[in-house]
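This report refers to the structure that appears directly beneath it.
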Amino acid sequence: MAIKLIYETHSITVDNETGIATGWLPGERSEAGRVEAAKLGERRRSGVDVVYSSDLRRAVQTARIAFPDREIRLDARLRECDYGLCNGRPVAELAPLRRAHIREPWPEGQSYEQVVAATEEFLGELRAEWEGRTVLVVSHSANRWALRHLLEGAPLEELVDAPFTWKPGWEYTLS
């Protein structure tokens, strides 16, 4: 049986509003982000068997605001790409460099292929544990690229160069 996977990015942060690439830094919800997180809860309150979240603060905050009465399973494999020495730098500075870090890790950080590998390992465990169920994941943009790469065959080279367009979740079927 298949798994219905609902993927939601964490809601907007102060860093998002100011153009900062947070990476593995914790980040902090903005006021608009708190409103978005509450709307996520309204949208997805029913029909979800389990909620997983990245263990980075901004994703945890989003999940806890959205689902205050549920267990949230935290998983480090759902973290944003670690930009290493570049965590907390302006997005405008890092965006042109992303393609160079598909295979080559960011200085003292990780590569996008490492994010894909962590996401693939996570999906393997979901398949073993949640067959026939609905799983909601709160995570980051690099993990969304990893899902598109793994489940849709989209090339990482195209994904890292494309502008991010937010929408209220993406749904996948894991067979």
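Between Trp24 and Tyr83, the ring center distance fails the sub-6.0 Å criterion.
Side-chain contact between Leu5 and Leu147: present, with at least one pair of heavy atoms (C-beta onward) separated by less than 4.5 Å. For the pair Val137/Leu78, a side-chain contact is recorded, criterion being any heavy-atom separation below 4.5 Å from C-beta on. Side chains of Glu31 and Arg34 form a contact here, defined as non-hydrogen atoms less than 4.5 Å apart. Using a 4.5 Å heavy-atom cutoff, the side chains of Cys81 and Gln110 are in contact.
Here the options are Lys167, Arg44, Lys39, the test is salt bridge (Lys or Arg N to Asp or Glu O under 4.0 Å), and the partner is Glu8; only Arg44 passes. Screening Arg73, Arg79, Arg77 against Asp55 for a salt bridge (Lys or Arg N to Asp or Glu O under 4.0 Å) leaves a single residue, Arg79. Remark: of the listed residues Asp49, Leu174, Thr134, Leu123, Leu174 is the sole one forming a side chain to side chain contact (heavy atoms under 4.5 Å, CB included) with Ile3.
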Passes side chain to side chain contact (heavy atoms under 4.5 Å, CB included), Val50 versus Leu136? Steps please. CA-CA 6 Å; Val50 66; Leu136 186 134; over 6 Å; no

Check the pair Phe122 / Asn143 against side chain to side chain contact (heavy atoms under 4.5 Å, CB included), numbers first and verdict last. CA-CA 11 Å; Phe122 172 77; Asn143 311 91; over 6 Å; no

Under the side chain to side chain contact (heavy atoms under 4.5 Å, CB included) rule, what do Leu74 and Val60 come out as? Steps first, then yes or no, please. CA-CA 8 Å; Leu74 305 183; Val60 174; 3.6 Å; yes

Worked verdict on Leu159 versus Tyr112 for side chain to side chain contact (heavy atoms under 4.5 Å, CB included): CA-CA 10 Å; Leu159 295 169; Tyr112 291 107; over 6 Å; no

Stepwise side chain to side chain donor-acceptor pair (under 3.5 Å) test for Glu28 and Thr13: CA-CA 5 Å; Glu28 184 65 42; Thr13 66; over 6 Å; no

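Atom CG of Leu126 is separated from atom CZ of Arg133 by 12.0 Å, given to the nearest 0.5 angstrom. Note that the CZ atom of Arg144 and the OG1 atom of Thr119 stand 12.0 Å from one another [nearest 0.5 Å]. Rounded to the nearest 0.5 Å, atoms CD (Glu104) and CZ (Arg99) are 16.0 Å apart. For the atom pair NE2 of His149 and CG of Leu156, the computed distance is 4.5 Å after rounding to the nearest 0.5 Å.
The minimum heavy-atom distance linking Asp82 with Glu108 is given by the pair OD2-O, 4.0 Å. Scanning all heavy atoms of the two residues, the minimum distance from Arg70 to Arg45 falls at NH1-O, 4.2 Å. When all heavy atoms of Pro107 and His101 are compared, the pair lying nearest together is CD-CE1, 4.2 Å. Residues Glu17 and Ser30 approach most closely at OE2-OG, 3.0 Å, considering heavy atoms. When all heavy atoms are compared, the tightest approach of Ala59 to Ser54 is CB-CB, 3.7 Å. When all heavy atoms are compared, the tightest approach of Ile20 to Gly88 is CG2-O, 3.4 Å.
A single hydrophobic cluster is not seen to contain both Ile72 and Leu56; linkage of ILVMFWY side chains at heavy-atom distances under 4.5 Å, directly or through other members, places them apart. The hydrophobic cluster containing Val48 does not contain Trp170, counting ILVMFWY residues as joined when their side-chain heavy atoms lie under 4.5 angstrom apart, directly or transitively. Under a hydrophobic-cluster definition in which Ile, Leu, Val, Met, Phe, Trp and Tyr are linked whenever side-chain heavy atoms come within less than 4.5 Å, directly or via other members, Val116 and Val160 are assigned to the same cluster. Leu94 and Ile102 fall within the same hydrophobic cluster, where Ile, Leu, Val, Met, Phe, Trp and Tyr residues are linked whenever their side-chain heavy atoms come under 4.5 Å apart, directly or through other members. Each of Leu25 and Ile12 belongs to its own hydrophobic cluster when Ile, Leu, Val, Met, Phe, Trp and Tyr are linked at side-chain heavy-atom distances under 4.5 angstrom.
For CZ of Arg89, the number of neighbouring non-hydrogen atoms (other residues, nucleotides, ligands) closer than 6.0 Å is 12 at most.
His10 and Ser139 share no side-chain donor-acceptor pair at under 3.5 Å. At a cut-off of 3.5 Å, with distance as the only test, a side-chain donor of Glu80 or Ser141 sits close to an acceptor on the other residue.
Ring orientation note: the planes of Trp130 and Tyr52 are nearly perpendicular, at an angle over 60° on the 30°/60° scale.
In summary, Asp161 and Arg98 do not engage in a salt bridge, as defined by a charged side-chain N under 4.0 Å from a carboxylate O.
Although no hydrogens or angles enter the test, the distance criterion places a donor-acceptor pair under 3.5 Å between the side chain of Gln114 and the main chain of Ser111.
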